[in-house]
Amino acid sequence: MSARCSERPRHVLAAACVFLHFAQAATAAEIPLAERRSGYDFMGRETRAMQDDDSTNPGMLWVLDGEALWSRKAGATGQACADCHGDARASMKGVAARHPAWDAASGRPVNLEQRINTCRSDRQKAPSLAYESRDLLALTAYVARQSRGMSIEIAIDERTRPFLEAGRDAFKRRQGQLNLACTQCHDKFWGNKLAGNNIPQAHPTGYPIYRLEWQALGSLQRRLRNCMVGIRAEPYSYAAPELVDLELYLMWRARGMKFEAPAVRP
Amino acid sequence: MARAIVNVPATARRGEIIEIKAMVGHAMETGFRRTQLGKLIPRDIISRFVCTYNDAEILRAELHPAIAANPLLTFTTVATASGTLTFTWTGDNGYSMTASATVTVV
């Protein structure tokens, strides 16, 4: 008992030091544009090779499914994506690299998944696809694949600026039982290790990604919810406006970087 | 739906060693995992892979529960003649998938 008591001040001190350390980090500045690096640069040689070759990148399984879905008729109108948009290789080029983008109907930015679902419900009169469902991931992957190699272009204007700022606030806000903000790891401590893993800069350059840990393809929102659980915060539900704002900020933060979907990540 | 991706060089010189890549989409459920309610999730894996080259078997593999989802197999063979490589994956619950690719030997 006495031993435990004498240990306690040291624990408190250690904890205080950790918090002091992170308290300084909470004001971490944004990464200078020239120092930004994709998560790809933090991966090992084998994982990079896996992503670079379409015959070993498992994300291509979803892309091929998406290609089939693109020309499959759906909904009450009996129309396929291809009936309006034609060849996705031309019409969808660059689309994923500029989402989330302004949507006049909903009066806020929407991400690629929401755009696909809006098209389904409004134009095809088909039921929306659930987040992380095989079909939505496949369509998103197929559309995102058409922007591979292009640079991320997020247009910020007077309409989207408030949502960008909301996303930035979320990125810098301490959350959860661990009281951590995204910025503390991804702006200040990128390049270091968290347990055995590299801390990347959190640029969403290749979503949807095939994550080896998931053994499946997943959306950016899945990844964000994953991180929120990691800091023991209550994750926002899929398609929550807060998550889309955060996506908008992250894509803006990665503006000008090369889009690489479907990426492979460890 | 396309659930397999195979990669074979389109052309090869006679006697050349060619690399073959075969990936298939499959969850490879181990049979050891449980749901949140403790119920065992039944095993659902690919258990066998066969590759034939002009009807001659050149590779056969047995797959086990520890193999990752969407398994990728990479192997080599000697390009002996122009023809077709056929890939067959079979597994639990009557799973069967085939794919093929052609190679021209010059």
Side-chain angles (χ1 to χ4, degrees), chain A residues 44-74 80-82 88-89 129 132-143 145 148 208-218 222 229 261-266, chain B residues 1-12 18-36 41 43-46 49 51 59 61 63-77 85-87 89 91-92 95-103:
Chain A
R45 187 168 50 96
E46 293 81 2
T47 321
R48 288 187 201 192
M50 192 176 183
Q51 174 177 324
D52 292 340
D53 183 349
D54 275 352
S55 57
T56 61
N57 182 340
M60 292 309 290
L61 292 165
W62 278 261
V63 170
L64 288 178
D65 278 357
E67 190 175 10
L69 284 174
W70 183 260
S71 45
R72 179 178 299 172
K73 301 198 181 304
C81 308
R89 279 170 291 189
L129 297 169
E132 307 308 296
S133 64
R134 175 145 206 119
D135 283 2
L136 186 57
L137 284 171
L139 273 173
T140 317
Y142 181 58
V143 173
R145 167 70 184 83
R148 190 193 276 177
I209 58 164
Y210 188 87
R211 195 166 181 223
L212 299 178
E213 186 187 312
W214 294 336
Q215 305 252 307
L217 203 76
R222 179 173 179 188
V229 171
V264 177
R265 293 289 181 268
Chain B
M1 279 195 155
R3 302 299 293 130
I5 296 174
V6 294
N7 185 291
V8 177
T11 55
I18 55 170
E19 190 180 50
I20 297 158
K21 294 170 188 160
M23 179 168 60
V24 65
H26 196 286
M28 295 295 278
E29 185 59 57
T30 62
F32 298 119
R33 298 199 306 161
R34 287 174 188 275
T35 65
Q36 285 182 321
I41 304 171
R43 192 185 92 158
D44 182 13
I45 65 165
I46 295 170
F49 169 76
C51 177
L59 184 99
L63 283 75
H64 294 276
I67 291 172
N70 310 312
L72 162 72
L73 292 166
T74 303
F75 51 96
T76 55
T77 191
L85 287 113
T86 307
F87 306 85
W89 295 263
D92 295 339
Y95 177 84
S96 178
M97 171 67 73
T98 51
S100 62
T102 54
V103 59

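The sequence lines fix the lettering, A, B, ..., with proteins before strands; numbering per chain opens at 1. No experiment lies behind these values; they were computed from the predicted model shown.
- Nearest heavy atom pair, residue Leu61(A) against residue Gly25(B), reads CD1-CA, 3.6 Å.
- Residues meeting the side-chain hydrogen bond (donor to acceptor under 3.5 Å, both in side chains) test with Arg33(B), sequence neighbours left out: Glu29(B).
- Contact of the Asp65(A) side chain with the Arg3(B) side chain is registered, since non-hydrogen atoms from C-beta on lie closer than 4.5 Å.
- In terms of heavy atoms, Lys21(B) sits closest to Ser55(A) at CD-OG, 3.6 Å.
- Within residues 210-217 of chain A, the residues having any heavy atom closer than 4.5 Å to a heavy atom of chain B are Tyr210(A), Gln215(A), listed by residue number.
- Chain A forms the most heavy-atom pairs under 4.5 Å with one residue out of Val6(B), Ile5(B), Leu72(B), Asn7(B), and that residue is Ile5(B).
- Only the backbone of Val24(B) comes within contact range of chain A, judged by heavy atoms closer than 4.5 Å.
- Residue Asp53(A) touches chain B through its side chain alone, counting heavy-atom pairs closer than 4.5 Å.
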